[in-house]
Amino acid sequence: MKIRTYPDQWTDRTMTTLRAGRLEACERDLEGLGGSGLFEEGTTDLDAERLFDISWMKGEEKIPRLHTVEEMRAQVLGQFAQEFALLSPEEHDLVLKMSVIGGEFPLYDWNDLIPARSLIRRLWCRLHPERHNWLVLPSAFCLFALATSVSEEAKRVKEIVDETIETVENTLYLAGAMTADTVIRDLAWKLQGSMAADQEHLYRRLLLSAFDTIVDMEGRLILIHPGLADPYGFLKQPERRQLGQDWTAMADIYASLMDVEDPLYDRMLNAITGVTRQEAGAEDTVEDLILLAKQGATLPEMRDVLSRRIICMPTDEMMRALSDIRERTPGWLRLRMNRAQ
């Protein structure tokens, strides 16, 4: 397993910088996902292995074998309703937008790149052969998506998915990282008896689509906060505090944390509004500073980040606000990842 490396300097480890790097990597990935789609008339078994290699299926199949276009089409169509209900919120919105306007959509917004890549890997979409920054959804899928979106059963599953995504996001903000298996078990329990019951591979696709992930040294899929600069180093640290994964308590814990952090955020935002560089918004800068504090960056390191984001020298008020963020922001908790919940 290839271990990713991460920048040493905190100025290169802010969430803003990390996200830009991920989007650039996603853009490069999309360049390699071209070619005919699974549901085009000219697609034959000669294309099957290429399509399999770029799909989510590749990571799910246990025994290597040859594939045919016919069987892959049957698999994709056979689970369409369940998979649609289990799309990430970004994928769901992108599919509905494409369905309403006829199945073609320009990828001019960087926020659409990650869901577009996942939809290609689901083998629903392809890149336009001539306009490579356009995503294409077959017309039949447009009709399927619109029909499924009004289904009461699909709506119920989507509500569970949206609630789960929000809870995971809150948990990652509290803890920095958590195991995907915890979420998959929770979804399996909540979706019993629904149209999306017993679809563990689709729950996994949902998490891979919705969150930043790594695979740890034990082979487990780990969900990570997008601002976590060195996830492998983070997971190696001794456990500082155990946080039981009682999801019913997440909302209360998150609300309590916001009571602490909101005044810190507002004070720094007021101090730097109007003096941040054009490429560095005030809100993004404050969020980056809070996340650095959660990861143990020192005050001089945080000052260095702040200084690079503003057009003046840090004022006394900025430094007092920065010191308060450094001292009062709760650090990321450690989940006990080695026991079942």
Side-chain angles (χ1 to χ4, degrees), residues 26 55-57 59-60 75-100 105 111-125 135 137 141-142 144-175 177-213 220-226 245-254 335 341:
C26 182
S55 75
W56 289 125
M57 295 177 185
E60 299 163 354
Q75 181 176 340
V76 172
L77 291 174
Q79 65 186 21
F80 177 84
Q82 296 97 320
E83 192 163 3
F84 178 84
L86 291 166
L87 292 177
S88 70
E90 294 79 10
E91 288 177 288
H92 183 272
D93 291 347
L94 184 54
V95 167
L96 287 186
K97 284 191 290 188
M98 296 180 70
S99 299
V100 168
F105 193 81
N111 292 319
D112 290 330
L113 296 184
I114 291 175
R117 178 178 61 182
S118 182
L119 290 171
I120 293 173
R121 286 179 172 166
R122 293 180 189 275
L123 299 182
W124 291 15
C125 293
L135 193 66
L137 179 70
F141 280 73
C142 295
F144 294 158
L146 292 173
T148 306
S149 68
V150 299
S151 160
E152 291 302 319
E153 181 69 1
K155 289 179 181 178
R156 186 169 77 87
V157 172
K158 186 177 184 304
E159 287 179 3
I160 293 173
V161 167
D162 289 347
E163 290 171 359
T164 299
I165 294 294
E166 182 179 4
T167 303
V168 173
E169 288 175 344
N170 291 347
T171 302
L172 293 177
Y173 191 80
L174 289 167
M178 68 181 299
T179 55
D181 284 346
T182 300
V183 189
I184 291 172
R185 287 194 299 268
D186 188 72
L187 282 169
W189 179 76
K190 289 179 178 177
L191 293 171
Q192 292 179 88
S194 75
M195 64 181 288
D198 303 319
Q199 299 291 328
E200 182 174 324
H201 69 295
L202 297 184
Y203 308 157
R204 187 179 178 90
R205 288 186 192 183
L206 165 64
L207 299 181
L208 288 167
S209 304
F211 299 102
D212 295 322
T213 63
R220 298 173 300 179
L221 183 66
I222 305 295
L223 312 180
I224 62 173
H225 189 280
Q245 296 177 24
D246 180 3
W247 287 41
T248 61
M250 282 298 105
D252 291 338
I253 297 173
Y254 185 79
L335 299 181
Q341 299 297 321

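- In this structure the side chain of Ile165 never reaches within 4.5 angstrom of the side chain of Glu90, judged on heavy atoms.
- Annotation: the span from Leu119 atom CG to Ser88 atom OG amounts to 7.5 Å, rounded to 0.5 Å.
- Taking the side chain as every heavy atom from C-beta outward, Arg185 and Thr182 approach each other to under 4.5 Å.
- Counting all heavy atoms, side chain and backbone alike, Ala145 lies closest to Leu96 at O-CD2, 4.3 Å.
- Within the 4.5 Å cutoff, no side-chain heavy atoms of Thr213 are placed close to those of Leu207.
- At least one side-chain heavy atom of Val100 sits less than 4.5 Å from a side-chain heavy atom of Leu146.
- Every residue two or more places apart in sequence or in another chain that forms a ring pair (Phe, Tyr, Trp, His ring centres under 6.0 Å) with Phe144 is listed here: Phe80.
- For the pair Leu223/Asp212, no side-chain contact is recorded, criterion being any heavy-atom separation below 4.5 Å from C-beta on.
- To the nearest 0.5 Å, the span separating CH2 on Trp124 from CZ on Phe84 amounts to 6.5 Å.
- Atom-to-atom distance recorded for Glu91:CD and Cys125:SG is 9.0 Å, nearest 0.5 angstrom.
- The CG atom of Asp186 sits 5.5 Å away from the OG1 atom of Thr164 when rounded to the nearest 0.5 Å.
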**Request:** Evaluate the criterion side chain to side chain contact (heavy atoms under 4.5 Å, CB included) for residue pair Met98 and Leu135; output intermediate values, then yes/no.
**Result:** CA-CA 9 Å; Met98 296 180 70; Leu135 193 66; 3.7 Å; yes

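- Between the side chain of Gln192 and the backbone N or O of Trp189, at least one donor-acceptor pair lies under 3.5 Å.
- With a 4.5 Å cut-off on side-chain heavy atoms, Val157 and Gln82 do not count as touching.
- To the nearest 0.5 angstrom, Leu206 atom CG is 7.0 Å from Phe211 atom CZ.
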**Request:** Could you walk me through whether Leu208 and Leu221 pass side chain to side chain contact (heavy atoms under 4.5 Å, CB included), step by step?
**Result:** CA-CA 9 Å; Leu208 288 167; Leu221 183 66; 3.9 Å; yes

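- When the salt bridge (Lys or Arg N to Asp or Glu O under 4.0 Å) test is applied to Asp112, no partner is found at least two apart in sequence or on another chain.
- Here the CD1-CG distance, from Ile160 to Leu191, works out to 4.5 Å after rounding to the nearest 0.5 Å.
- Qualifying side-chain hydrogen bond (donor to acceptor under 3.5 Å, both in side chains) partners for Arg117, counting only residues two or more places apart in sequence or in other chains: Asp29.
- When all heavy atoms of Ser209 and Ile114 are compared, the closest pair comes out as O-CG2, 4.0 Å.
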**Asked** Run the side chain to side chain contact (heavy atoms under 4.5 Å, CB included) check on Met57 and Leu123 step by step: do they pass?
**Response** CA-CA 9 Å; Met57 295 177 185; Leu123 299 182; 4.0 Å; yes

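- Evaluation of the side chain to side chain donor-acceptor pair (under 3.5 Å) test over residues 194-204, restricted to residues two or more places apart or in two chains, returns Gln79-His201.
- Residues forming a salt bridge (Lys or Arg N to Asp or Glu O under 4.0 Å) with Glu83 (at least two apart in sequence, or on another chain): Arg122, Arg205.
- The side chain to side chain donor-acceptor pair (under 3.5 Å) contacts involving residues 146-160 comprise Lys158-Asp162, where partners must be two or more places apart or lie in separate chains.
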